[in-house]
K.L.:
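First the structure, then my questions, so here it is.
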Amino acid sequence: MVEKTSPLDKLLKTGHYGKPENTGEQADLKISHRTCESLVQVTAWPKTGKGIATTLEKMTHLSLQGGDASPANEDFTIMPTGPGQYLIEAQSGDATGRFQKKIIPAKGAVTDLTHARVVIRISGDQAVWVLAKGIAIDFSLQAFPVATSRNTAHHQISLTIHRVNENTFDLFVFTSLACSFWHWLDRAAKEVGYEIVRNVK
Amino acid sequence: MLIDCPWCGPRSVEEFSYRGDGTLKRPALSDNSMNAASAYVYNRENPAGDHMEIWHHGNGCRSHILVKRNTLTHKILSCELLGPYSPKRKKKK
Amino acid sequence: MSGYRISSPDTGVRIDPTKLLNFSFNGRTYSGFEGDTLASALLANGVGVLGRSFKYHRPRGLFSAGLEEPNALVTLRQGRRSEPNIKATEIELYDGLIAKSQNCWPSPKFDLMAINQLAGNALSAGFYYKTFMGPNVFFNKTTEVWWQFEKIIRRAAGLGKASLEADPDIYERMHAWCDVLVVGGGPAGLIAGERAAEAGAKVILCEQMAETGGSLVGSKDLIDGMEGDEWAKACIERLKDHENVRILTRTTVQSYYDDNLLHAIERVADHKIKPDAFEPRQRSWKIRAKSVIIATGAFERPLVFSGNDRPGIMLADAARRYAVEYGVLPGKLISIFTNNDTAYHAARTMADCGANIKTIIDVRQQVSGEIRAIAASIGAELLVGDAVSRTSGLQKISAIHVGHFNADSKLVAPSTHRIETDCLLVSGGWSPAIHLTSQFGGTPIWDEGLQAFLPGKALQNWYGAGAMAGKFGLANTLLSATDAAKSALKSIGIKPKKLKPPIVNSEEISVQPAAVYEIRRAIKKGKSFVDLQHDVTSEDVRLAHREGFISVEHLKRYTTLGMATDQGKTSNVTGLAIMAEARGEAIEDVGTTRFRPPFTPVTLGAIAGENYGHLKPYRLSPMNDWHIARGANMYANGLWMRPETYNQSGETVEQAYIREAGAVRKSVGLVDVSTLGKIDVQGPDAGEFLNRIYSNGFAKLPIGKARYGLMLREDGFLFDDGTTWRLDENHYLMTTTTAKAGPVMEHMEYHLDVVWPELKVSLVSVTDQWAGIALAGPNSRKVLEACVSGTDMSDKAFPFMGVRDGEITDIPIKIARLSFSGEMAFEVFCGAMHGQALWDALMDAGKAFDITPYGLEALSTLRIEKGHVAGPELNGRTNANDLGLGGMVSTKKPFIGSVLVHREALNETGRKQLVGLRSLDGQKILGGSHIVASADQAQPGESLGHTTSACFSPELNCYISLGLLKDGRARIGEKLHVTSPVRGTHGAVEVVSPHMVDPDGRRMHG
Amino acid sequence: MTRYSAFEVIKNAFTGNKGWQPAWRKPEPKKSYDVIIVGGGGHGLSTAYYLASVHKITNVAIVEKGWLGSGNIGRNTTIVRSNYLLPENTRFYEKSMQLWRTLSHELNYNVMFSPRGVLNLAHTPGQMDLFAERGNAMRLMGGDAELLDRDQVARANPGLDVSGNARFPIEGGLLQPSAGSARHDAVAWGFARGADLLGVDILENCEVKGFLREGDNIVGVETNRGEIRAEKTGIAVAGSTSRVMRLAGIKNLPIESHVLQAFVSESLKPVIPNVVTFGNGHLYASQSDKGGLVFGGSLDGYNTYAQRGNLPLVEEVMSEFTAMYPAFARLRLLRSWGGVVDMSMDGSPIITKGPLPGMYLNAGWCYGGFKATPASGWCFAHTIANDAPHEINAPFSLERYKQGRPIDELGAGPTPGYH
């Protein structure tokens, strides 16, 4: 497969940025970014929702509890993004083809978004403080539990946020808007100081 | 304003875009009466009080929501999903 | 103001006398302490005149201790960070602070503009509506005279001077969610915050000063046996330990919006000479609170009497605060003029701090025994039933003249005696700070006892507490705050804990003032000021009444009462009272003007937040860096940045696009079309849905074929155009113009959700999934044949409008044979993150054919020559028939717009139709020119239409343009002119068919 | 009634301003009038003035539910211009400009019309061409318009960000030198005083509760101060049009009522010489004579009658203003408010006879009501007096939408909120 080049490759160089006091020891806030091996949006028709859910559960070995629950394992992450819609990240390059084969048009639709999103991972105690500067949702654990996801926006750019654990978030950002989003996130995070690390997925 | 998206929960109005009067019924595809078409396109009740209107959750789940909101106080009284997953369609079948 | 610093033990609670700070005011250096405000430091240094009033330029001194200050406005800092109109009372002193006074020249002490006072009554309210028109004769028929006067008036008016250098500081936004928002960190706010926190609620408490405490700062009243000052400090420490409580100091809650969204501004770095590295100067908090407790206290009001604006006259409680909190006394020989008891308590506290209170004048006919005892205890002579009739002193008050006050006629008798004084403290009662509640409350309610407006009915989930709700006195305040906390918690389903109310023992002070607002003299001499900053006198209020401007809104607009930077916080109620008296009605029948956000002035930068500096996001194509490296200048096209031309050294934009377009015509060129809107349309009903969206037929589009489609609005006018490719039985890829990608997506989503929810169609934006490169020119097929595998590129196997899959250097691609340029052309799509690799591969494959990258300008040149329409032709006022695309409006199927498109007016003669225009005299045809019949540039005559897209045509070697011309199709061959008066051009053109190159499309199909 | 002049101001100054009389009477309503105008805002007052002055119809009553000038005339950003593209609009707003130029003398009331120039900023070559198209349309109809390049714009407006690295760099601008601003309250009070002097009754705190009908004919109004009959009733209530017309049984109109927020900064020495508008958003700004920057932007975007808006729009306006003038980030917003504007289906007004017999409708003013005040009154007075529209306002009919003849300046189509 041809190497995918993300627009952020040239911007996110490892190292420490922002608030000088942290130059000594490691900054608590860590930021990394990755492109997806496979990323698909699966849409079910109104009456085929259950069928699609069981198909996805079988293919990903995850169990879907409905609502905003977003289960994940090493291979897959399933994020419900709307009524009868799922955004699924897969670690294998050929996952898109497998979903397209499994889900026939009568059951639903599969759209390949592998190139359409870049994933920025931000983790650390200050992650919520930084994200809350630009994203108008409640990041408290009651309102945004771990292993759930939110479709929301920053500065009218829509993005999907998956809460991996209490202080770690994966931000699925539109590829063409990734540099503009990074321009904001870099400045927002510099106030507390952050470190860019290798993609840890 | 906070709009209670039936799928995503209460969200800031910044994530939505306004789609106008929610009481307009587009004439059937077979109906080509000029009066019906121009009434649908141009007539607005524009009430001062409770108003049925449509908001699109463009920066959320991208569904359309039928909102009952008072145009004097901005108080939102109800939010209901439109489209294939609207509760009204489920009841009818 | 001959103020001076005192150093007795329990004074100056807020300052740290060990930390000296130097600052400069009007070029002179002074010193103050850490914790001082600029106001308290100036007072300590005896600086009396701080500025001049707006209209009469009378000297103005410090009047208050808070944000209600009407007089002490300064320009703070210098250069890029200078900011005008800042109240000295809200500036925390820092070392090296530089400030200067405003609205006076050469100095506050000696101001030339003071001559305005000679004009006296001529400058009374509204004079400028009655003059400056000049005689209505001969030349002066228009308002030329006013236009000349205005220039002078504008220079004379206006307070501070704005810097024109870009603000270097950054501002940030912060979204916050909580159960209970407490506004105000005084006694009410502190206890309410603690009750909420104890019940487990998530609390945010905002306090506008650097520390909480409010009226408890330096207070000796006892709460649960502790001195008020200690109690407040202990309470805030406990709150800081609660992990569900956030304390925001130096934060003012400014506005109240729908669904309990409150907007607060935190002054993160205003107390420093400049922000630290990466630190925002201010932070704009957007707080969504389930419930709000508003404890914003109250403002003390002055009394209105002749000469009440002299420097040295100050609000009584403000003077108390300067003594207790900053260790400064406002004068050596202090007198007090009041209509209520609170001034006596202020006097005793100040006396305890060493103040020499000489006289107290009380306008009431009698006062209580305790009050007499207080006056006696501090050795002040008490004059009951008297009033100040006038004051004297040039730059500073030197004496007051006192006479008997007649309560019925509200007139003061001629003064019986003169009292030396260097500082007169006034107290006319208290106005609760109901601004925030009134943004979301019913009409304020007049309380006759308190002579004040209390908050109206709550229209959202807020609860008033303390002085703001008219609950004065420490015990009363704390009780009302605990009730407010209980109600707030209950309203959001949190059980309040059972806690006993605090035991308070403090002297209960009656706040109730006599209903006296103005002291009028029998003989009308001197000016009595209601609005100190805008120089509105009580006579101005009566003039407004006399001229019929009797509604409070008319009063405000006609006299500008309460329209200054303090927004009438100490003058509105007094003004209303004087109008009520003039109308012979009660104040509650007169009502108040509407309270509007913000509560105090807010920087534009803070509201803009992080958008300051970059207004809108920008979208970049995968090949963006390549374009820039290749020397392209990038232009904004909606949010996208697109290359205009790839100028080689020294080329102008025109030379560049002529070269690029020529290369495409001659051999082959490639252009980045990644910015096109791309929508994935799938589902059993996808075909039927497209058939209803497009005006031309899509039901029978075969798999592996693309089709150009027109989309109409419901009113029958053109919405957008683009091609849709059928990839599979139920799978289509739609492309739209760059600008309309969002609107088209929303248009289709609306019709699926709201109009035809029964259709099974999925729409997903894939604009960012695909990079797009268009290869155009006679050798375009050859280039692809050289590098494409997996599909037969021959003409027979890959006909016009065909869609194929394939690979280039093992990059999976989709190729559609369609042409915007009119040449043989292919659009090659691949995964966005392979875009640059594909571009490089095509550049390599095309080297043999001298492949040339071309930008937006060349692309539009080619499509103009071909007569393909784009944005400028789809201007929202044209319909398909106008553009010669009537054939694409099907009459065999219904679609969006299919009824109203047939209205007679949409096809009547006289409508402007698409034509081509060829220049006959070699002159450049400019965009935005109008088509006229007349050859005479000086008399162009009536417009018959306008040019939409113009360029030089390398193919026809002359300037051409597309245009919209009245009945254009019937005028092919006519000789007309294009004129552009704003650009000074006028040229002869011939009207031709818009399809100026390869009209029958042989090159595309060949 | 004394004429206003410098002499009068000085004379009265010596007598303690005792000599001034009320600017307009506050009469009790009569049983009937020849014409009733519903709405005591700018358009209602100017209509009554021109009915009396031009058409000599003085038995007229203005029925205002609140205090005179309490609606949009008292809430707008005071811009006066005629830089429109479409001939119907250019012709109408040019008529208004002519009336503005002599209005202070006409009314003997200084409305402070200030021809300081209105400059629209452009940010791309394409936008410069669109401005050229509009400027040329104005010039061909006798108006004044100039296309400025970046340097001319920078010289005329120090402080504008003309650097290359602005998010939307300035390419140039379209200037209408003779346009500018006026003092909104003075316009209302000037027309009120003028009409009152000619015998028109201005009835404040007089709210229309219903219409009096004889068959289909409208023959007067029912108010909280009793019934008032009239042969002709003109409606000029801007944002309240749908509410008032519903009382006459008209359930639907091509109008949505929206909130338009406006803002004023603290007072400053002169810093914005003319009126400036942002090319990549909807911001417009000028400086009042007292020194406050008066500015506004788009609608909030939803139906409302609440005369107040929400925070997202405030943030958008401040972002656009600080993008234009990066130095203004440190200036401070003093006050924000909102008015209810009647947005029509094509962004252009409706000044017409009907829709019911005996009734005349003036509505659909979107953002442009203030600048239209004189011409709207002049045309509406003509329409009422002659029971037929003048040639200038004939295109602004109610039927034009159904017929397919929208006057769509922005080409945004039948969505009121987009105009």
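Scope of the values below: all heavy atoms of this structure, side chains included, with no hydrogens, waters or symmetry mates. Throughout, a chain's letter reflects where its sequence line sits, starting with A, and its residues are numbered from 1. No experiment lies behind these values; they were computed from the predicted model shown.
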K.L.:
For C:K130, I'd like to know if atom NZ has over 12 heavy atoms of other residues, nucleotides or ligands within 6.0 Å.
P.N.:
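Enclosed: over 12 neighbouring heavy atoms sit under 6.0 Å from NZ of C:K130.
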K.L.:
Heavy-atom distance under 4.5 Å between the side chains of D:Y4 and C:F127, does that happen here?
P.N.:
no
K.L.:
How close do D:L334 and C:P601 get, heavy atom to heavy atom, and via which atoms?
P.N.:
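For D:L334 versus C:P601, the nearest heavy atoms are CD1-CG, 4.0 Å.
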K.L.:
Checking D:R116 now: which residues fulfil salt bridge (charged side-chain N to carboxylate O under 4.0 Å, His left out) with it, not counting sequence neighbours?
P.N.:
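For D:R116, the residues satisfying salt bridge (charged side-chain N to carboxylate O under 4.0 Å, His left out) (neighbours in sequence not counted) are C:E150, D:D289.
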K.L.:
Given a strict heavy-atom distance threshold of 4.5 Å, which part of D:N310 is in contact with chain C: side chain, backbone, both, or neither?
P.N.:
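Contact with chain C involves both backbone and side-chain atoms of D:N310.
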K.L.:
What I want to check is whether the side chains of D:N17 and C:N121 have a donor and an acceptor closer together than 3.5 Å.
P.N.:
no
K.L.:
What's the separation between atom CD in C:Q254 and atom OG in D:S336, rounded to the nearest 0.5 Å?
P.N.:
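It comes to 10.5 Å.
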K.L.:
What do the steps show when you test C:E908 against D:Q403 for side chain to side chain contact (heavy atoms under 4.5 Å, CB included), and what is the final call?
P.N.:
CA-CA 11 Å; C:E908 64 191 356; D:Q403 290 161 357; over 6 Å; no
K.L.:
Are the side chains of C:S929 and D:D129 in contact, using a 4.5 Å heavy-atom criterion?
P.N.:
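Not in contact.
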K.L.:
Using non-hydrogen atoms only, which part of C:Q282 is less than 4.5 Å away from chain D: side chain, backbone, both, or neither?
P.N.:
neither
K.L.:
Relative to the ring of C:Y129, is the ring of D:Y109 parallel (under 30°), tilted (30 to 60°) or perpendicular (over 60°)?
P.N.:
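The arrangement is parallel - the two ring planes meet at less than 30°.
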K.L.:
Taking only Lys NZ, Arg NE, NH1 and NH2, and the carboxylate oxygens of Asp or Glu, determine whether C:D167 and D:R330 approach each other closer than 4.0 Å.
P.N.:
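Counted as a salt bridge, because a side-chain N and a carboxylate O are separated by less than 4.0 Å.
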K.L.:
With only heavy atoms counted, which part of C:Q102 is less than 4.5 Å from chain D, the side chain, the backbone, both or neither?
P.N.:
neither
K.L.:
For the side chain to side chain contact (heavy atoms under 4.5 Å, CB included) test, which of C:Y128, C:F132, C:F149 pairs with D:M112?
P.N.:
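It is C:Y128; the other options fail the test.
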K.L.:
Could you go through the side chain to side chain contact (heavy atoms under 4.5 Å, CB included) check for D:N136 and C:H946 one step at a time?
P.N.:
CA-CA 9 Å; D:N136 289 328; C:H946 63 277; over 6 Å; no
K.L.:
Go through the atoms of D:P273 and report whether side chain, backbone, both or neither lie under 4.5 Å from a heavy atom of chain C.
P.N.:
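Just the backbone, heavy atoms under 4.5 Å.
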K.L.:
Evaluate the side chain to side chain contact (heavy atoms under 4.5 Å, CB included) criterion for residues D:M128 and C:R983: first the C-alpha distance (whole Å), next the side-chain angles of each, then the deciding distance (0.1 Å), finally the verdict.
P.N.:
CA-CA 11 Å; D:M128 280 294 271; C:R983 283 173 160 155; 3.8 Å; yes
K.L.:
So for C:R596, is it side chain, backbone, both, or neither that comes closer than 4.5 Å to the heavy atoms of chain D?
P.N.:
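C:R596 touches chain D through backbone and side-chain heavy atoms alike.
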K.L.:
Is it the backbone or the side chain of C:L900 that comes under 4.5 Å from a heavy atom of chain D, or both, or neither?
P.N.:
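C:L900 has no heavy atom closer than 4.5 Å to chain D.
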K.L.:
Which region of C:R713, side chain (C-beta onward) or backbone (N, CA, C, O), has a non-hydrogen atom less than 4.5 Å from a non-hydrogen atom of chain D, or is it both or neither?
P.N.:
side chain
K.L.:
Side-chain contact test, heavy atoms from C-beta onward, threshold under 4.5 Å: evaluate it for D:S265 versus C:L604 and give yes or no.
P.N.:
no
K.L.:
For the residue pair D:P125 and C:E644, establish whether any side-chain heavy-atom pair is separated by less than 4.5 Å.
P.N.:
yes
K.L.:
Using heavy-atom distances under 4.5 Å, tell me whether C:A950 contacts chain D through its side chain, its backbone, both, or neither.
P.N.:
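Contact with chain D is absent: no heavy atom of C:A950 under 4.5 Å.
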K.L.:
Are more than 12 heavy atoms, taken from residues, nucleotides or ligands other than D:K269, located less than 6.0 Å from that residue's NZ atom?
P.N.:
yes
K.L.:
Between C:R281 and chain D, with a heavy-atom cut-off of 4.5 Å, which part of the residue counts as in contact: side chain, backbone, both or neither?
P.N.:
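C:R281 touches chain D through side-chain heavy atoms alone.
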K.L.:
Considering only heavy atoms and a distance below 4.5 Å, find which of D:S267, D:G16, D:P414 pairs most often with chain C.
P.N.:
D:S267
K.L.:
Side chain, backbone, both or neither: which part of C:T565 has an atom under 4.5 Å from a heavy atom of chain D?
P.N.:
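Both parts, heavy atoms under 4.5 Å.
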K.L.:
Under the side chain to side chain donor-acceptor pair (under 3.5 Å) rule, collect the residues that match up with D:R335, sequence neighbours excluded.
P.N.:
C:Q567
K.L.:
So C:R594 and D:W337, do their side chains get closer than 4.5 Å, heavy atoms only?
P.N.:
no
K.L.:
At a 4.5 Å cut-off on heavy atoms, which part of C:K524 comes close to chain D: side chain, backbone, both, or neither?
P.N.:
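The answer is the side chain of C:K524.
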K.L.:
Just wondering, do C:T979 and D:R139 contact through their side chains at under 4.5 Å, heavy atoms?
P.N.:
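A side-chain contact is absent here, since even the closest heavy-atom pair is not under 4.5 Å.
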K.L.:
Identify which part of C:N85 has an atom lying under 4.5 Å from any heavy atom of chain D, answering side chain, backbone, both or neither.
P.N.:
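Backbone plus side chain of C:N85, per the 4.5 Å heavy-atom cut-off to chain D.
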